[in-house]
Amino acid sequence: MQNRGQVGPVFKYLMAIIVCTMFLLFFINFGMTYMKQQKSVESYMITTGFDDVLSALGSSEDASNTYNFGLKTTIDFKVPKKGSEYIELKSGGNLPLKSYKAIFAPSKITGTKVEVLTKRWYFPYPVDNLFYLTATGYKYFIVYDDETESLAKDLAGADATDVTAAIPSKFGAEAVDAAKAKGLKSSLANVKATFILFEEDAELESALRKLPNAKVRVIKMDKDDPDYGEIMFEDGQEYPYFGKPMMIGAIFAEDSAMYEHALSVALNKVGVVTKIYLGKLEYLSNTPQLLTCTQYALMKMNLEALYSQVRSEDTSVPKYKSLVEGIDNNNELLGGDCPEIF
């Protein structure tokens, strides 16, 4: 009866072990949770910092930059769904960052550095900057014949007059003839290659598709104006391009889905900018000393037609070409007593 309610030393020892284990598990869990949160914060800072760099470069009409992460990093670029207004940038396990830029890039970039190129897109007035990204492990071959050699070298290599190429050499783009393209097998073992042709050639396309990790795309240029045309991607999908900056986008985009997304983002911004110019036109048209500027009526009709075309989601190359050329021509008729719209 004297031992009732007393706790033996063994039990006390076991209780001490249990309590210490609970505290230890608590601090381990706390530390692991903190590390995960810290890693998530660091990953998010990487994507936000990178997107800020793109925004800064976007203030230039034509610029390139080698962005150094400082450590080996992976950034995923994902189009969440067709018709989305943004592309997702993700590093590690953090929530993706929504970027509303027109980006053409591989779906995954891994390394300590990434190459960034941006060009201002005019349609026909300045609309927005397009962004092209790549890294080590990617190569782009622009295949030419006698008729397209000059264009290919304008894009990815100095021509005979030593004109600077539209795509800097550090971006892995190279202009090659068909014979050289077929013989590249040994140099493509450790890279992902994209071949760009300027016309359909079943024999050449078949030969290039047999090369390791190769994608083959065909740029079908408008016969009268190479700044307009369509891109046929490796999955058979075809999308239009409007201007050389968008043609370059077809070179760097991961696939047709990424290209289509960037195209959609760019055309949506055409609608926004066109709305602004319609507001400017309305102001000028109602200015007393400009009431005699009858050209404004035709310009308004053309701008409204372009705005309607953008909202219709019809990407017909002939329609856009006709509208843009009409607006450009009308603007050139203005000046002097009747100020230009852009």
Side-chain angles (χ1 to χ4, degrees), residues 35-60 62-121 127-140 167-168 170-173 191-192 194 215 233 235 237 239 245-246 248-270 272:
M35 290 174 63
K36 288 180 180 179
Q37 290 178 342
Q38 187 67 17
K39 188 175 181 179
S40 180
V41 169
E42 290 175 355
S43 297
Y44 188 75
M45 289 177 65
I46 288 174
T47 53
T48 54
F50 182 63
D51 194 55
D52 288 343
V53 169
L54 297 186
S55 297
L57 282 175
S59 62
S60 301
D62 190 336
S64 66
N65 180 53
T66 301
Y67 183 73
N68 194 330
F69 293 110
L71 71 165
K72 189 174 182 179
T73 302
T74 296
I75 292 186
D76 296 304
F77 299 87
K78 180 183 178 183
V79 178
K81 61 181 180 179
K82 186 178 179 65
S84 174
E85 297 179 351
Y86 58 86
I87 188 170
E88 294 179 346
L89 277 61
K90 186 176 181 180
S91 178
N94 66 299
L95 292 175
L97 172 74
K98 297 178 180 179
S99 178
Y100 293 85
K101 299 177 178 65
I103 295 176
F104 304 90
S107 61
K108 184 189 295 290
I109 288 180
T110 299
T112 59
K113 300 177 182 179
V114 58
E115 300 295 342
V116 183
L117 174 66
T118 184
K119 292 183 179 294
R120 185 74 44 81
W121 182 52
V127 176
D128 199 9
N129 274 48
L130 308 184
F131 296 88
Y132 322 94
L133 313 178
T134 191
T136 303
Y138 294 91
K139 292 283 290 183
Y140 309 90
I167 305 172
K170 64 182 180 179
F171 283 78
V191 300
K192 294 181 179 180
T194 299
K215 298 177 181 177
F233 287 83
D235 60 359
Q237 295 292 321
Y239 292 102
M246 201 165 282
I248 293 173
I251 297 173
F252 289 99
E254 169 68 21
D255 51 28
S256 62
M258 178 175 284
Y259 178 86
E260 190 274 337
H261 171 266
L263 170 66
S264 177
V265 168
L267 289 178
N268 283 340
K269 291 181 179 178
V270 171
V272 173

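On a predicted model such as this, the values are computed, not experimentally measured, just so you know.
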From [X] [atom1] over to [Y] [atom2], what is the distance, rounded to the nearest 0.5 angstrom?
{"X": "Lys78", "Y": "Lys90", "atom1": "NZ", "atom2": "NZ", "answer": "7.5 Å"}
{"X": "Leu117", "Y": "Thr134", "atom1": "CG", "atom2": "OG1", "answer": "10.5 Å"}
{"X": "Leu133", "Y": "Ile75", "atom1": "CG", "atom2": "CD1", "answer": "8.5 Å"}
{"X": "Phe252", "Y": "Leu130", "atom1": "CZ", "atom2": "CG", "answer": "12.5 Å"}
{"X": "Leu97", "Y": "Ile46", "atom1": "CG", "atom2": "CD1", "answer": "12.5 Å"}
{"X": "Asn65", "Y": "Glu115", "atom1": "CG", "atom2": "CD", "answer": "8.0 Å"}

Residue list, ring pair (Phe, Tyr, Trp, His ring centres under 6.0 Å) with Tyr259, at least two apart or on another chain
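Here the qualifying residues are Phe104, Phe233.
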With sequence neighbours left out, write down each residue that passes ring pair (Phe, Tyr, Trp, His ring centres under 6.0 Å) with Phe69, or none if nothing qualifies.
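Result, ring pair (Phe, Tyr, Trp, His ring centres under 6.0 Å) vs Phe69: Phe50, Tyr67.
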Is atom NZ of Lys170 surrounded by more than 12 heavy atoms (other residues, nucleotides or ligands) closer than 6.0 Å?
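Yes, because the 6.0 Å sphere around NZ of Lys170 holds more than 12 heavy atoms from other groups.
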Please check if atom NZ in Lys269 has more than 12 non-hydrogen atoms from other residues, nucleotides or ligands closer than 6.0 Å.
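Yes.
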Check: Asp62 main-chain N/O paired with Arg120 side-chain donor or acceptor under 3.5 Å
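No; judged by distance alone, with no hydrogens or angles, the pair does not exist.
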Closer than 3.5 angstrom, by distance alone: can the side chain of Ser91 be matched with the main-chain N or O of Thr74 as a donor-acceptor pair?
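Yes.
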Assess, by modelled atom type and distance only, whether the side chains of Lys101 and Ser55 contain a donor and an acceptor separated by less than 3.5 Å.
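Judged by distance alone, the side chains do pair up.
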With ring centroids as reference points, do Tyr140 and Phe171 lie under 6.0 angstrom apart?
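Aromatic pair excluded; centres sit 6.0 Å or further apart.
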Closest contact, heavy atoms only, [X] versus [Y]:
{"X": "Ala102", "Y": "Ala262", "result": "CB-O, 3.8 Å"}
{"X": "Glu85", "Y": "Tyr100", "result": "O-CD2, 3.3 Å"}
{"X": "Gly58", "Y": "Phe131", "result": "CA-CZ, 3.9 Å"}
{"X": "Val116", "Y": "Leu54", "result": "CG1-CD2, 3.4 Å"}
{"X": "Asn129", "Y": "Ser60", "result": "ND2-O, 2.8 Å"}
{"X": "Ala257", "Y": "Val79", "result": "O-CG2, 4.2 Å"}

Heavy-atom side-chain contact between Pro245 and Tyr132 under 4.5 Å
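Answer yes - side chains close enough.
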Under the criterion side chain to side chain contact (heavy atoms under 4.5 Å, CB included), I'd like the reasoning laid out for Met258 against Ile87: C-alpha separation, chi angles, the key distance, then a yes or no.
CA-CA 9 Å; Met258 178 175 284; Ile87 188 170; 4.0 Å; yes
Does the pair Val265 and Asp128 meet the rule for a side chain to side chain contact (heavy atoms under 4.5 Å, CB included), with working shown?
CA-CA 10 Å; Val265 168; Asp128 199 9; 5.6 Å; no
Salt bridge flag under 4.0 Å for residues Lys215 and Glu254
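Between Glu254 and Lys215 there is a salt bridge, with a charged N closer than 4.0 Å to a carboxylate O.
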